[in-house]
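In what follows, a single structure is set out as structure tokens and then discussed.
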2 protein chains.
Amino acid sequence: MLMDANSTTEAMASPISRRSLHEELAARLRDMIVEGALPAGRKVPERELCETFGVSRTPLREALKVLASEGLVTLNQNRGACVTALTRADLEEVFPIMGALEALSGSLACARMSDAEIEAVAALHDQMVRSFEAGDRPTYFKLNQAIHRAILLGSGNATLGATHQMLAGRIHRARYMANDDAARWRAAIEEHEHILAALQSRNGPRLAAILSDHLRNKLASVMRHFTED
Amino acid sequence: MLMDANSTTEAMASPISRRSLHEELAARLRDMIVEGALPAGRKVPERELCETFGVSRTPLREALKVLASEGLVTLNQNRGACVTALTRADLEEVFPIMGALEALSGSLACARMSDAEIEAVAALHDQMVRSFEAGDRPTYFKLNQAIHRAILLGSGNATLGATHQMLAGRIHRARYMANDDAARWRAAIEEHEHILAALQSRNGPRLAAILSDHLRNKLASVMRHFTED
DNA sequence: AAATCTAATTATGCATTCATAATTCAAATT
DNA sequence: AATTTGAATTATGAATGCATAATTAGATTT
């Protein structure tokens with residue numbers, strides 16, 4: 001068995017705590033699912049993944065249990081794991097929750113973020129607008145996420161960030177779909193202008209309301225691509 | 001034939017699908033942690049638990065991974081699992097999130113619950129008031145939870161309920177502490193009167209606001225018992 | 001006596017093995 | 001030919017074994 005590869009990536013990463021195998025596997029699988037390398041509904045045979053990653057079944061199974069508790073995969077008794085398929089109902093459930101969480105984060109962020117941190121968000125916003133004007137959707141998407149994430153973290157509530165991220169992971173694929181028509185994309189940009197304005201003026205209730213609406217609109221946009229479901 | 005007959009008998013509990021060991025173990029451990037049988041900060045040696053439950057380490061370890069992803073235990077590399085200790089900061093983070101989730105649930109419940117379901121909540125409320133008057137705190141606590149849970153489920157958003165329950169599990173112990181002085185307990189009852197009234201009049205925004213405040217007050221009450229932390 | 005270093009013990013991470021449920025495929029019956 | 005039954009295969013659930021990191025105990029040194 002060629003198991004020596006794990007010691008190679010140890011220098012740069014976190015200095016003291018090197019992640020355990022099941023953690024590493026969970027992260028890798030999470031990425032694969034979120035990025036669509038493992039399509040929804042697909043069966044995830046243990047043997048195959050073990051060979052792919054070159055590990056035994058024990059840590060892989062531990063990782064699958066974690067992903068199941070995150071809702072990314074579904075375990076069927078004696079029948080293995082499947083990538084959880086997103087239904088319209090799932091999206092309709094998750095988006096409002098994320099809206100509520102982001103609203104809370106915005107409210108808190110207005111009170112707690114430093115001026116410098118808000119300026120950093122403004123910088124991200126400007127970059128995002130530029131990538132919109134350039135029609136560069138991947139960069140736009142990345143910056144968009146970075147802004148929302150910055151506000152989440154700016155709330156100073158780590159649990160809020162973690163809860164949000166867990167839900168975001170489930171619907172990540174779907175969120176790629178949003179803004180694929182020009183009108184909605186433009187509207188999203190406008191909403192983000194309001195988001196930034198509310199944050200800069202530290203108007204918590206207003207930012208909360210805008211973020212909630214923003215998520216509601218995102219849902220509506222995404223849902224148009226689920227008509228065939 | 002026989003198979004059809006079996007698959008149709010779904011009404012009763014879950015006679016066919018016995019839970020897998022790791023699921024069962026996760027549930028048992030969750031209860032033990034939530035109910036305080038495993039005190040916070042305590043080390044959870046695998047060997048000991050294996051003997052307690054009479055199982056091998058594999059399913060137990062799988063269960064611990066799940067509980068770790070739920071935040072109930074903390075895994076330390078090569079150093080085993082500890083029951084996650086609740087800090088004041090944790091409570092201050094979790095309660096506002098639960099407030100936001102319950103506010104959302106209230107808003108949705110006002111729109112979606114049937115009259116019969118609302119009457120059921122009213123019945124729970126009346127029982128709760130009686131147990132308050134009788135000074136029966138355990139029963140009060142149970143009914144209190146049942147009411148909040150009914151509104152959560154009444155939202156029709158299963159993910160919302162699951163998310164809430166996950167957070168609630170973490171702070172369950174702390175919530176026992178609330179209402180241990182008569183003044184706060186009486187105030188809580190009054191808040192519940194408003195909650196019921198808003199629900200019965202289907203005033204979503206108002207119910208949302210009351211629930212949010214209710215959770216905020218709960219936090220304040222609980223925090224008084226964490227001064228020594 | 002206190003501190004430190006080393007050896008022994010213990011507990012954990014992972015691999016392997018065993019047992020059992022599920023699936024597949026072929027054969028037999030209608 | 002289609003359906004069904006049953007054996008063979010495969011995959012998963014769980015247990016055991018092995019290697020290694022942590023912890024503890026003991027001995028040696030200052």
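Keep in mind that this is a model prediction, so the values were computed, not measured. Below, chain A is the first sequence line, B the second, and so on; all start at residue 1. What's counted below: heavy atoms across the whole structure, side chains too, no hydrogens, waters or symmetry copies.
- Applying the ring-ring contact (aromatic ring centres under 6.0 Å, His included) test to residues at least two apart or on different chains, the pairs with a partner in residues 144-171 of chain B are B/His148-B/His192, B/His148-B/His214.
- Between B/Glu46 atom CD and C/dC14 atom P the separation is 11 Å, expressed in whole Å.
- Here the C1' atom of nucleotide C/dT12 and the CG atom of B/Asn78 are 6 Å apart, to the nearest Å.
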(Q) I'd like to know whether A/Arg216 forms a salt bridge (charged side-chain N to carboxylate O under 4.0 Å, His left out) with A/Asp213, so could you lay out the CA-CA distance, the side-chain angles of the two residues, the decisive distance to 0.1 Å, and finally the verdict. (A) CA-CA 5 Å; A/Arg216 192 186 346 272; A/Asp213 287 345; 2.7 Å; yes
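- Nucleic acid contact for A/Arg47: base, since at least one base atom lies under 4.0 Å from a heavy atom of the residue.
- B/Gln165 and B/Arg149 are linked by a side-chain donor-acceptor pair at a separation below 3.5 angstrom, with hydrogens and angles left out of the test.
- Closest approach of A/Pro96 to A/Leu219, counting heavy atoms only: CD-CD2, 4.5 Å.
- Summarising the geometry, the separation between CD on B/Glu23 and C1' on D/dT12 is reported as 14 Å, rounded to the nearest angstrom.
- Salt-bridge check for B/Arg170 with B/Glu70: failed, with every basic side-chain N at 4.0 Å or more from each acidic carboxylate O.
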Interface polar pairs with nucleotides 8-10 of chain C, N/O, under 3.5 angstrom:
none

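- By the side-chain hydrogen bond (donor to acceptor under 3.5 Å, both in side chains) test, A/Thr139 pairs with A/Asp136, sequence neighbours left out.
- With respect to the salt-bridge test (charged N to carboxylate O, under 4.0 angstrom), the residues A/Glu48 and A/Arg42 qualify.
- Looking only at distances, no side-chain donor or acceptor of A/Glu24 sits under 3.5 Å from a matching main-chain atom of A/Arg19.
- The two atoms that bring A/Gly154 and A/Arg112 nearest to each other are O-CB, 3.8 Å, heavy atoms only.
- Nearest heavy atom pair, residue A/Thr84 against residue A/Val73, reads OG1-C, 3.2 Å.
- Residue B/His22 contributes atom NE2, which lies 10 Å from atom C1' of D/dG13 at whole-angstrom precision.
- Tested against B/His125 for a side chain to side chain contact (heavy atoms under 4.5 Å, CB included), the candidates B/Ile195, B/Asn144, B/Leu143, B/Ile147 yield a single pass: B/Ile147.
- Of all the residues in residues 61-76 of chain B, B/Arg61 reach under 4.0 Å from DNA chain C with at least one non-hydrogen atom.
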Find every protein N or O atom lying less than 3.5 Å from an N or O atom of nucleotides 15-19 of chain D, and list the pairs.
| from | atom 1 | to | atom 2 | distance (Å) |
| --- | --- | --- | --- | --- |
| D/dA15 | OP2 | B/Ser56 | N | 3.0 |
| D/dA15 | OP2 | B/Ser56 | OG | 2.5 |
| D/dA15 | O5' | B/Ser56 | OG | 3.3 |
| D/dA15 | N7 | B/Thr58 | OG1 | 2.8 |
| D/dT16 | O4 | B/Thr58 | OG1 | 3.4 |

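- One atom, CZ of A/Arg19, and another, P of C/dC14, lie 12 Å apart when rounded to the nearest Å.
- Ionic pairing of B/Arg28 and B/Asp31 is not present here: no N-O contact between side-chain nitrogen and carboxylate oxygen is shorter than 4.0 angstrom.
- Residues B/Ala85 and B/Ala40 share a closest heavy-atom pair of CA-CB, 3.9 Å.
- What separates CD of A/Gln77 from C1' of C/dA21 is a distance of 9 Å, to the nearest Å.
- For the helix from C/dA1-D/dT30 to C/dT30-D/dA1, the end axes, each set by the C1' atoms of five terminal pairs, are bent relative to each other by 0° (nearest 10°).
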